[in-house]
Amino acid sequence: MRPLGPAIPICVTTPSDEVTRLYADLQEREARVRRLFNANIIGIFTWNLDGRIVDANEAFLRIVGYTSEDLVSGNMLWKDLMPSEWDPADDRIMAELLATNIAHPFEAEYVRKDGSRVPVLIGAALFDGKPTEGVAFVVDQTERKRAEAAARESERQYHDIQMQLAHANRVATMGYLSASIAHELNQPLSGVVVSAETALLWLQGEQPNIPEAQKALTRIVRDGNRAGQVFRRIRTLIKKAPSQKDSLDINDVILEIIALTQGEAAKNRVQILTRLADGLPPIQGDRVQLQQVTLNLIMNALEAIGAHERDLREILISTAETPSRNVHVRVQDSGPGIDPANLERIFDAFYTTKANGLGMGLSISRSIIVAHGGKLWATTGVQHGAAFQFTVPGDS
Amino acid sequence: MTTSENRIFLISIIDDDESIREAIAGLIHWLGLRFKGFSSAVEFLASPELADSSCIIADVQMPHMTGIELHCHLKALGYDVPTILITAYPDDDARDLALADGVVCYLSKPFNKDSLIGCVRSALQSRSA
């Protein structure tokens, strides 16, 4: 509906229909470009190779902290927005722009008017037929960077808590083992005392017996080293060390822990048997963490057996290579077994059947194995008891 | 204790721990006595030394059969061999029971040579008495 207005003069030269149409087209296109520009969804500015910013939308001015007065005054130079370490002269982005008329989006930082930095994603294009002028599109990355940093931070905190829990679990287990570890140290030390006294006896008197004294001293050296080894094993597990990946033989990891728990097993009149495969592929893993998993599984097995008066009191630990070159470890006990309904629940944190347990051992063990790219699960034993099994990828 | 007469005495040392077993054997050797080591009570029971031993020194905590069980078993079999028990887990009640049951000595690890030598002497005296 055209509003009523002044009468249109009749006798004027009117442009041809074609020109009118072209003009309307142009206006429409211009309006579209303006709309694109002023929608302020992303920052847009046009620029000149000499460094000037010719025009910019609100969104861009907001990102870099300038006002429209700054823009109008002609003092806004895009080169001023570049951090000093960014030298456009030898920049391959600028080279790409000049060579292809387009610079694909890249991440960079702009210096705001107040001197602070803002992370941005920039894309640019030269105008057709005007090799010294172009347009640039700028997206503020602050929120994304912040979200990324927050995600990294929460990931790091989660990892820290996992590590602390794992350490607490190791220390608690070692505390539980302290009596049998004291025994492990007492044995070689008792040997040392008796052998040292015997060596002195051989050396005293008119005709000291040197060869016999040497035999006693050799035993002292062996027993002293044995005590030292017990000590090293404990220290490794108690120490708070950052996790590290090494190439490991799973059989070594298992044998170390068997040596550490042998005393506790003897105290509970349990025999630890092994069936360890030869020639297993090495695995990439954290020695202490995998020892911890083995330790938790042996302690669980000991407790399962300990609670029940049975003739057969044994733990069988076996290793094998799976067809997909994974290393498979199985800890089978002769205890009462696990109710099939609980085979998954036992891996929940704080799930425990023990009066003095926290119920963290299996949950921690599972997260350690998962972090190693493997699986940890429980089954009921073939003949009796429970079998805990885990796989870890072999090194290829 | 280094007279030739002592050569007839055989001491059996039964301990699953190599350090202790060999250390005691070394001391017995210095005393001039014969000795034989066993890593379990079962191994000792199956050996010819079972009938020959003048004294046994046995660890209390051993898998399958403890030192106390061995002592009772020997008594039941009619072997009245003086027994010295050694333990890393001394327990007053167990000690009183063992001594009341005829065990010569109940030693806690670590022990010094004099207490062990004293025990071996009284064991052999009770043997010859």
Side-chain angles (χ1 to χ4, degrees), chain A residues 178-205 207-209 211-230 259 262-273 305 311-315, chain B residues 1-2 11 13-33 35 37 39-42 57-70 84-91 94 105-121:
Chain A
S178 60
S180 63
I181 289 170
H183 179 247
E184 285 295 301
L185 284 169
N186 194 27
Q187 295 287 74
L189 288 180
S190 302
V192 164
V193 172
V194 174
S195 294
E197 287 187 307
T198 307
L200 288 172
L201 289 172
W202 286 116
L203 291 174
Q204 75 188 15
Q207 285 173 311
N209 189 330
E212 286 294 345
Q214 279 175 333
K215 279 190 208 163
L217 290 169
T218 307
R219 287 197 301 272
I220 293 173
V221 172
R222 179 198 62 188
D223 295 348
N225 282 333
R226 187 183 140 193
Q229 235 167 30
V230 174
Q262 203 65 262
E264 186 68 17
K267 209 169 89 183
N268 288 290
R269 311 215 291 138
V270 172
Q271 253 199 310
I272 302 181
L273 308 172
I305 301 168
D311 289 342
L312 187 67
R313 301 175 72 79
E314 64 178 34
I315 299 172
Chain B
M1 301 283 284
T2 47
I11 315 292
I13 306 153
I14 308 149
D15 195 320
D16 58 327
D17 191 277
E18 194 186 24
S19 300
I20 309 275
R21 198 170 63 234
E22 293 187 0
I24 293 174
L27 186 63
I28 299 296
H29 179 49
W30 180 81
L31 285 170
L33 300 166
F35 62 86
S39 61
S40 73
V42 177
I57 301 172
D59 185 27
V60 173
Q61 284 81 21
M62 288 187 292
H64 304 303
M65 185 184 265
T66 69
I68 289 172
E69 285 167 350
L70 172 66
I84 297 166
L85 291 179
I86 51 176
T87 181
Y89 300 101
D91 169 339
C105 274
Y106 183 92
L107 286 179
S108 328
K109 300 181 211 176
F111 45 81
N112 58 36
K113 68 165 195 320
D114 292 331
S115 34
L116 185 64
I117 292 173
C119 288
V120 172
R121 285 209 169 113

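Reminder, nothing fancy here: chain letters follow the sequence lines and each chain counts from 1.
Side chains of B/Ser19 and A/Arg222 form a contact here, defined as non-hydrogen atoms less than 4.5 Å apart.
Between chain B and the residues A/Val193, A/Asp223, A/Asn209, A/Val192, the largest count of heavy-atom pairs under 4.5 Å involves A/Asp223. Of the listed residues (B/Thr66, B/Ile20, B/Asp59, B/Asp17), the one with the most heavy-atom contacts under 4.5 Å to chain A is B/Asp17.
With a 4.5 Å cut-off on non-hydrogen atoms, B/Glu22 touches chain A through its backbone and its side chain both. Using a 4.5 Å cut-off between heavy atoms, A/Gln187 contacts chain B through both its backbone and its side chain. For A/Lys267, the part lying under 4.5 angstrom from a heavy atom of chain B is the side chain only. The parts of B/Phe111 that come within reach of chain A are both its backbone and its side chain, each placing non-hydrogen atoms under 4.5 angstrom from that chain.
Remark: A/Ser190 OG to B/Asn112 CG distance equals 11.0 Å, nearest 0.5 Å.
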Chi angles and distances behind the salt bridge (charged side-chain N to carboxylate O under 4.0 Å, His left out) call for B/Glu18, B/Arg21: CA-CA 5 Å; B/Glu18 194 186 24; B/Arg21 198 170 63 234; 5.0 Å; no
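Note on B/Lys109 versus B/Asp15: salt bridge recorded, some NZ/NE/NH1/NH2 to OD/OE distance being below 4.0 Å.
The closest donor-acceptor contact from the side chain of A/Asn186 to the backbone of A/Leu189 lies at 3.5 Å or more, if one exists at all.
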